[in-house]
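What follows is a single structure, written as structure tokens, with notes after it.
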Amino acid sequence: MSADSISEETRARVRAQAGHRCGYCLSPQRLVLGWLEIEHIIPKARGGPDDEENLWLACRLCNNFKGTQTDALDPDTGQRLRLFDPRRQRWSEHFAWSEDGTRVLGQTPCGRATVLALQLNNLIAVMVRRQWVATGWHPP
């Protein structure tokens, strides 16, 4: 099935379940240019289904950086781990915001691996968050 075959009802439920935020960087829909994307937690290219349990929201940057990745290396331990699963894991158990609110900090091996794999602190994301912080919109 293609992404177009996901029903509007399923898309609406996933958006509501995700709180209209990217599951990885927490960018809210109201601050993102363009629609947050319905993403496959286990990518279709890796055999992931279109089932609602495998879908979540992601901003374009996170979704593009994630690509077909399902796991990555923790830079501290060198251990290969599954990426953070925003449907089944709590963001606050794996990540925190830097003191200035512009960077995502991995707090666990899974969190650290996900920060690097999805480039959650890429130059554009940090520049945009800096502006969001200055206006009082961030961190969430």
Excluding sequence neighbours, so at least two apart, what forms salt bridge (charged side-chain N to carboxylate O under 4.0 Å, His left out) with Arg90? Glu93
Between CG on residue Asn54 and CD1 on residue Ile38, distance to nearest 0.5 Å: 11.5 Å
N/O donor to acceptor pairs below 3.5 angstrom from side-chain atoms of residues 25-33, sequence neighbours left out:
from  : atom 1 : to    : atom 2 : distance (Å)
Gln29 : OE1    : Leu36 : N      : 2.8
Gln29 : NE2    : Gly34 : O      : 2.9

Specify the closest pair of heavy atoms between Asn63 and Ala58, including all atoms of both residues, with the distance to one decimal. CB-CB, 4.0 Å
Smallest heavy-atom separation, Trp132 atom then Thr135 atom, equals O-OG1, 2.9 Å
Tell me if a side-chain donor or acceptor on Lys66 pairs with a main-chain N or O of Leu61 at a distance below 3.5 Å. no
Check whether any side-chain heavy atom of Phe95 lies under 4.5 Å from a side-chain heavy atom of Tyr24, and answer yes or no. no
Distance check, rounded to the nearest 0.5 Å: Met127 atom CE versus Arg130 atom CZ? 8.0 Å
Report yes if some heavy atom in the side chain of Val104 is under 4.5 Å from a heavy atom in the side chain of Trp91; otherwise report no. yes
Could you list the residues that satisfy salt bridge (charged side-chain N to carboxylate O under 4.0 Å, His left out) with Asp71, not counting sequence neighbours? Arg80
Could you tell me whether the side chain of Arg82 reaches within less than 4.5 Å of the side chain of Cys110, counting heavy atoms only? no
Please answer: with hydrophobic residues joined when any side-chain heavy atoms are less than 4.5 Å apart, are Leu116 and Ile124 in the same cluster? no
For Ala117 and Ala72, the nearest pair of non-hydrogen atoms, with its separation, is CB-CB, 3.6 Å
Please list all pairs meeting side chain to side chain donor-acceptor pair (under 3.5 Å) that have one or both residues in residues 106-123, counting only residues at least two apart or in different chains. Asp74-Arg112, Asp76-Arg112, His94-Thr108, Asn121-Arg129
Nearest 0.5 Å please: distance from the SG atom of Cys62 over to the CH2 atom of Trp56. 14.5 Å
Side chain to side chain contact (heavy atoms under 4.5 Å, CB included) evaluation trace for Ile41 with Glu53: CA-CA 9 Å; Ile41 295 165; Glu53 294 74 34; over 6 Å; no
Kindly write out the residues that satisfy salt bridge (charged side-chain N to carboxylate O under 4.0 Å, His left out) with Arg60, not counting sequence neighbours, or none if the list is empty. Glu37
OG1/Thr70 to CG/Leu81 distance, rounded to the nearest 0.5 angstrom? 11.0 Å
Euclidean distance, Arg46 CZ relative to Ile42 CD1, rounded to 0.5 Å: 10.5 Å
Got Leu83 and Leu118 here, is their nearest side-chain heavy-atom distance under 4.5 Å? yes
What is the distance from atom CG of Leu55 to atom CD of Glu39, rounded to the nearest 0.5 Å? 8.5 Å
Give every residue pair that meets the salt bridge (Lys or Arg N to Asp or Glu O under 4.0 Å) criterion with at least one member in residues 13-26, sequence neighbours excluded. Arg13-Glu52
Donor-acceptor under 3.5 Å (Trp97 side chain, Leu105 main chain): no
For the pair His138 (side chain) and Thr102 (backbone), establish whether a donor and an acceptor sit closer than 3.5 Å, ignoring hydrogens and angles. no
When hydrophobic residues are tied together by side-chain contacts of less than 4.5 Å, even through go-betweens, does Leu57 share a cluster with Trp35? no
Would you check if the side chain of Gln69 reaches a backbone N or O of Phe65 as a donor-acceptor pair within less than 3.5 Å? yes
